Every structure is written in structure tokens, then in C-alpha cells.
Amino acid sequence: MTYGDGGGVTRAIGEQSTHPAALPGIVLGGLLAAAAAWLLFFADRSVRPATGVGDRIELARRHGWRFLDVDPGLLADWGDNPDFDAGQPAYAVLRGFLDDLEFVVFDFRRPGTGATGTAWIVYLPQPSWSFVEWATTQQPLYRRPLHKVGVRPDAIVDIGREQHRSTEPDAVLRQVRALAGIVRRFESQAAASS
């Protein structure tokens with residue numbers, strides 16, 4: 001390399017100068033690479049973070065319902081359902097009342113596979129074994145938009161194949177409305193037969 005005065009400096013190819021700012025940059029780069037490797041290989045990625053649940057948060061805000069990022073006890077009394085692991089928490093939980101029926105929408109992790117899904121539960125005003133008998137003798141309850149319906153004396157649940165995400169907030173309630181319709185149909189038939 002030559003300068004304007006004709007003097008030159010010779011440097012071997014591959015020879016580097018040690019700049020005082022280079023060392024902290026190398027250390028910082030190494031730390032970032034280590035953090036990325038840890039996230040890639042060791043972090044628990046079996047449950048998606050609560051991103052993309054703005055529809056549930058907005059519904060909670062708009063209607064005075066509750067939203068929780070994590071509810072550790074929600075699945076504790078659902079141990080009889082093979083899709084739920086009673087020891088796992090529920091994620092992105094939306095709780096409220098629709099047509100005077102309590103409901104909850106949440107994401108969960110399936111036992112064994114760790115795959116995630118969304119569930120919708122509507123609770124009956126009063127537990128009823130007649131509801132279980134009525135619901136299990138009806139024509140299939142899992143017609144659109146429902147996927148996999150289960151019944152208990154105190155609740156009816158729809159379990160999705162995967163996590164439900166929507167850009168339309170009211171789409172979150174489609175299953176809740178369908179489940180509430182089943183409960184109301186049972187109540188009207190029970191009232192007519194008594």
C-alpha cells in the first residue's frame with residue numbers, strides 16, 4: 001500500500017491490526033451467538049408464547065372479561081380427559097360470561113406429544129347427569145364449527161386440533177356460541193318435557 005508521499009507499508013495477506021474496540025465486539029458477538037444457541041437447542045419451545053392472542057386480550061378488555069397469560073390450576077379438575085394433562089398449566093386464558101353462561105377459552109399442551117391446541121369450555125348453570133345422557137344420545141354434537149366435543153355433568157368442551165388464532169376477535173367466540181347453543185337446546189327440551 002502506498003501513501004501520497006510515495007512511502008509504502010507492506011503487510012502480509014491475512015495480517016490484521018488489533019484495534020482496541022475489536023475485542024469487546026468479538027466478546028459481545030460470542031455472547032450473542034451463545035444465547036442464540038441456547039434458545040435454539042435448550043429453551044422450552046413446546047408452547048408458543050402468548051403472541052398472536054391480541055384478539056383474546058381485546059375481547060377481555062372490551063367486555064370486562066379476564067385474560068391470563070398462564071393459569072396453573074385450570075386443568076386440575078380435567079384429569080379425566082385424555083387430551084389434557086392435569087399437571088400442566090393452561091395458556092392464553094380468556095374467561096367470561098356469554099348469554100349468562102360461564103365460558104373459558106385457553107391453549108394447552110397435549111400429554112405425551114407436547115403438541116398444542118385450543119379448547120373452549122361452557123359451564124352449565126347447574127350440574128346435570130341428564131345433560132350427559134341427553135348429549136351422548138344426540139346426533140353428533142361436533143358439527144361445524146366444533147371439532148371434538150366432550151361432555152360432563154357441569155360442562156361441555158370443544159377441543160381443537162391445533163391452536164386457534166384469528167385476526168377477527170369475534171371468531172374466538174364461534175365455538176363458545178355453538179357450545180352455549182347446545183346447552184340452551186338441552187335446557188329448552190328439558191323444560192318442555194317436564
Side-chain angles (χ1 to χ4, degrees), residues 46-48 50 53 55-56 59-60 63-166 168-194:
S46 56
V47 175
R48 295 180 198 166
V53 293
D55 49 356
R56 295 183 198 175
L59 280 170
H63 297 284
W65 297 333
R66 288 182 38 208
F67 177 83
L68 294 171
D69 285 326
V70 178
D71 186 341
L74 178 62
L75 296 177
D77 60 338
W78 286 89
D80 58 342
N81 190 313
D83 285 298
F84 300 142
D85 183 350
Q88 291 292 322
Y91 301 90
V93 180
L94 175 67
R95 288 181 174 274
F97 283 85
L98 185 69
D99 299 330
D100 296 325
L101 293 173
E102 182 183 0
F103 74 89
V104 62
V105 179
F106 61 93
D107 294 339
F108 64 94
R109 180 171 35 203
R110 287 187 168 81
T113 65
T116 54
T118 296
W120 297 261
I121 299 173
V122 171
Y123 293 94
L124 276 69
Q126 297 292 324
S128 169
W129 282 102
S130 300
F131 175 69
V132 175
E133 184 180 333
W134 174 85
T136 55
T137 58
Q138 293 297 305
Q139 292 297 321
L141 296 175
Y142 48 87
R143 289 177 280 195
R144 281 180 134 356
L146 304 176
H147 305 288
K148 183 178 180 184
V149 176
V151 293
R152 293 190 340 185
D154 63 334
I156 183 167
V157 61
D158 181 36
I159 301 168
R161 292 179 211 94
E162 56 191 27
Q163 282 183 330
H164 180 270
R165 294 292 182 262
S166 173
E168 176 193 343
D170 290 335
V172 174
L173 299 179
R174 200 168 288 136
Q175 276 84 349
V176 172
R177 287 189 184 101
L179 294 171
I182 293 170
V183 172
R184 294 304 187 201
R185 199 166 70 228
F186 163 72
E187 290 175 337
S188 66
Q189 287 183 9
S193 65
S194 42

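Note that these values count all heavy atoms, side chains included, but never hydrogens, waters or copies made by symmetry. Since we're looking at a predicted model, the values are computed, not measured.
Across all non-hydrogen atoms, the minimal contact from V122 to A180 is CG2-N, 4.1 Å. Minimum interatomic distance between Y123 and A155 (heavy atoms only, all atoms of both residues): CD2-CB, 3.7 Å. Between A86 and G79, the shortest heavy-atom distance links the atoms CB-CA, 3.9 Å. When every heavy atom of K148 is checked against every heavy atom of D83, the shortest pair comes out as NZ-OD2, 2.7 Å. P125 approaches E187 most closely through the heavy-atom pair CG-OE2, 3.4 Å. Listed here is the closest heavy atom pair of P82 and P111: O-CG, 3.6 Å.
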Worked check of salt bridge (Lys or Arg N to Asp or Glu O under 4.0 Å) between D107 and R56: CA-CA 11 Å; D107 294 339; R56 295 183 198 175; 3.1 Å; yes

Side chain to side chain contact (heavy atoms under 4.5 Å, CB included) between L98 and R177: does it pass, once the steps are laid out? CA-CA 8 Å; L98 185 69; R177 287 189 184 101; 3.7 Å; yes

Stepwise, does the side chain to side chain contact (heavy atoms under 4.5 Å, CB included) test hold for F106 with I121? CA-CA 9 Å; F106 61 93; I121 299 173; 3.6 Å; yes

Kindly determine whether L146 and I182 satisfy side chain to side chain contact (heavy atoms under 4.5 Å, CB included), including the steps that lead there. CA-CA 11 Å; L146 304 176; I182 293 170; 3.8 Å; yes

Starting from the C-alpha separation in whole Å, work towards a yes-or-no answer on side chain to side chain contact (heavy atoms under 4.5 Å, CB included) for D99 and V183. CA-CA 11 Å; D99 299 330; V183 172; over 6 Å; no

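Atom CZ in F186 sits 7.0 Å away from atom CG in L124 (nearest 0.5 Å). Distance check: L74 CG to Y91 OH gives 12.0 Å after rounding to the nearest 0.5 Å. Note: R174 CZ to W120 CH2 = 10.0 Å, rounded to the nearest 0.5 Å. Note that CG of D85 is 12.5 Å distant from CZ of R110, once rounded to the nearest 0.5 Å.
Applying the 6.0 Å contact sphere to CD of E102 captures more than 12 heavy atoms from other residues, nucleotides or ligands. Surrounding CZ of R184 are more than 12 heavy atoms belonging to other residues, nucleotides or ligands, all under 6.0 Å away. Crowding of D80 atom CG: a count of heavy atoms from other residues, nucleotides or ligands under 6.0 Å exceeding 12.
Checked against L94 for a side chain to side chain contact (heavy atoms under 4.5 Å, CB included), the options V104, L68, V172 give a single hit: V172.
Classification of the F103-W65 ring pair by plane angle, with boundaries at 30° and 60°, yields perpendicular. Between F84 and W78, the angle of the ring planes goes over 60°, which puts this pair in the perpendicular group of the 30/60° scheme.
Between the D158 side chain and the H147 main chain, a donor and an acceptor come within less than 3.5 Å of each other.
With a 4.5 Å cut-off on side-chain heavy atoms, D77 and R152 count as touching. Under the 4.5 Å side-chain criterion, counting only non-hydrogen atoms from C-beta, I156 is in contact with F131. Residues V53 and R165 have side chains in contact (heavy-atom distance under 4.5 Å, counting atoms from C-beta outward).
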